[in-house]
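This report concerns only the one structure given below.
Throughout, protein chains are lettered first and strands after them, A, B, ... in sequence-line order, and every chain is numbered starting at 1.
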Protein chains: 2
Amino acid sequence: MSDSAPTQGCTTCRNGHLCLSRGLNAREAALVEDIAQRKIRVKRGESIFRCGDPLDEIYAVKYGTFKLTLGTAEGREMIAAFYLSGDIFGTDGFESDTRTSTAIALEDSEVCAVSWKRLAELAQQEGAIQKLVTQIFSTRIGRKQRLMLCLGSMRSEERVAVFLLDLSERLKERGFSDRHIVLRMSREEIAEHLAMQLETVSRIFSSLAREGILRVNHRKIQILDLQGLATVAQAGVQKNRAF
Amino acid sequence: MSDSAPTQGCTTCRNGHLCLSRGLNAREAALVEDIAQRKIRVKRGESIFRCGDPLDEIYAVKYGTFKLTLGTAEGREMIAAFYLSGDIFGTDGFESDTRTSTAIALEDSEVCAVSWKRLAELAQQEGAIQKLVTQIFSTRIGRKQRLMLCLGSMRSEERVAVFLLDLSERLKERGFSDRHIVLRMSREEIAEHLAMQLETVSRIFSSLAREGILRVNHRKIQILDLQGLATVAQAGVQKNRAF
DNA sequence: CGTAGTATTGAACCTTATCAAACAGAGTGG
DNA sequence: CCACTCTGTTTGATAAGGTTCAATACTACG
């Protein structure tokens, strides 16, 4: 990864509405912008931090996509999350001062680096920023729990549907089309995130295409029937309800 | 649930070494003890808080066992964790001021209730307590991540082995035998925690017993071969390593 | 244009879920 | 004290979902 010349700040950034200045007024946003000056460019495949690294910053995705991988000592791996532009990441394990995960760019990307220490100080002085910080953590935990529930209680087809719906919604929030998606991750990476095999992901994409819900062309996915996809995502529930 | 007459505090509690006074000196422990006066007795099957409740306290298990259930609107459920004596719980979703989970006693139990607001104030004044609080959250997130990895990358037999090893270790920390375990939860609850069917749990117990690793008598489990159980817990790894 | 990486598809196999039945233990009431 | 019920557990048979192995196709990239 390589530092770059300073680019524009939060107040003019097009991710402003969902990133570090979310819900802040102009004065507060300027305070945050002030500590988020450092930009880092990361090339596809490079990491911005690795498991075991010391930890003092959190990051906001300016543009690009990242994956966060979790690993155990025994060699098991899993992708805990994907981060899109405007997402904030690097917030895990900041108490132990050591990274417990690795963040890798899926395409050429740029992030804003924020000193955790300075953000925490700012949060103590400014109520709105304190609220923002807790909101960030709250969302993080919520997402992790939803993923856990998803892994635990859904079968493959539903998990894939949930994944696509989530991605679609997040892209929409960022001003992209929610129906024409270009996946930044491989089938294998999707599989590693949803706890299944890449062949299964591929098969499910094909079967959803056969049903007329998707149009699949390698990484270009078109959602033809958003409602139908939502139905697939909850398919397993009827069974429980009958019981 | 019903309040009870005040019993002894942290400084004399036998869970002191791993609970709210963990790593604190006498003066600091006394400060914590001061805000952890309120004890609540909970009968088997009763909840101490439910999903949607307002949130202002966290709890430490004085004695007994609790399960924390997560639910989605659509009716999917999962047990996110089991808490033993000395464990601290109720720390999820405290930012949104609303419970996102339900805590239910698996046996007649008692907890110490601590005002989150007062604990946070104390943490701001006392470095050691600040450190303790972050440690509590850190551990929480770490456990959740490990469970996620476990659900995502292990098969049933390994998950059950991991579950038993974890329980054994935690009981040992609490001064109980790590080989003679009395399960406080049903097969169904174990299944709901490990994302499988209760029949599968039962079958795996039986098969581990057949292999001489366990002795199973309903809820009384004896671990005959701790090392063997650990091997089962990592069985899937060899496969990955060969690749 | 050829090669490497990625994606799709098929077939056999394995794990786990599902359905069904039998069994054990804790109460309960006659 | 014994039958009876209720609940939780075990076990078996069968089916479905998903993995694994293998072959083929597509794309991108040098």
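- Taking CD1 from Ile48(A) and OH from Tyr59(A), the interatomic distance works out to 5.5 Å, rounded to the nearest 0.5 Å.
- Within the nucleic acid shown, Val216(A) comes within 4.0 Å of sugar-phosphate atoms alone, with no base atom in reach, counting heavy atoms only.
- Between Met154(A) atom CE and dT16(C) atom P there is a gap of 21 Å when expressed in whole angstrom units.
- Regarding Leu198(A), its CG atom lies at a distance of 18 Å from the P atom of dT24(D), rounded to whole Å.
- Taking atom CZ of Arg210(B) as the reference point, atom C1' of dG12(D) lies 12 Å away to the nearest angstrom.
- Rounded to an integer number of Å, the gap from Arg155(B) CZ to dT20(D) C1' is 13 Å.
- Taking every side-chain heavy atom of Thr200(B) into account, dA17(C) is the closest of dT11(D), dA7(C), dA17(C).
- Here the C1' atom of nucleotide dT11(D) and the CZ atom of Arg187(B) are 13 Å apart, to the nearest Å.
- Nearest-nucleotide mapping onto DNA chain D: of His218(B) and Ala195(A), the residue sitting toward the 5' end is His218(B).
- OP1 or OP2 of dG18(D) sits under 4.0 Å from a side-chain N or O of Ser156(A).
- Look at Lys39(A) and Glu110(A) and you find no salt bridge, because none of the NZ, NE, NH1 or NH2 atoms lies under 4.0 Å from a carboxylate O.
- In summary, of the residues considered (Val162(B), Ile181(B), Asp178(B)), a side chain to side chain contact (heavy atoms under 4.5 Å, CB included) with Leu167(B) occurs for Ile181(B) alone.
- Across all strands, Ser206(B) comes closer than 4.0 Å only to sugar-phosphate atoms, never to a base (heavy-atom distances).
- As judged by a 4.0 angstrom heavy-atom cut-off over every strand, Glu199(B) is placed among the base-contacting residues.
- Here the side chain of Arg174(A) pairs no donor or acceptor atom with the backbone of Gly86(A) at under 3.5 angstrom.
- When each of dT19(D), dT9(D), dA7(C) is scored by its nearest atom to the side-chain atoms of Met196(A), the top-ranked nucleotide is dT19(D).
- Closest approach to the Arg203(A) side chain among dT19(D), dG12(D), dT8(C) is made by dT19(D) (side chain taken as heavy atoms from C-beta onward).
- Under the side-chain hydrogen bond (donor to acceptor under 3.5 Å, both in side chains) rule, Lys67(A) has a single partner from His193(A), Glu192(A), Glu189(A), which is Glu189(A).
- Between the CG atom of Leu194(A) and the P atom of dG17(D) there is a distance of 18 Å, given to the nearest Å.
- Applying the 4.0 Å criterion to OP1 and OP2 of dG8(D), one finds that Arg219(B) has every side-chain N and O outside that range.
- Here dT27(D) is the nucleotide among dT27(D), dT9(D), dT9(C) with the atom lying nearest to any side-chain atom of Asn217(A).
- Taking atom CG of residue Leu106(A) and atom C1' of nucleotide dT6(C), one finds them 15 Å apart after rounding to whole Å.
- Look at CD on Gln197(B): it is 16 Å from C1' on dT11(D), rounded to the nearest Å.
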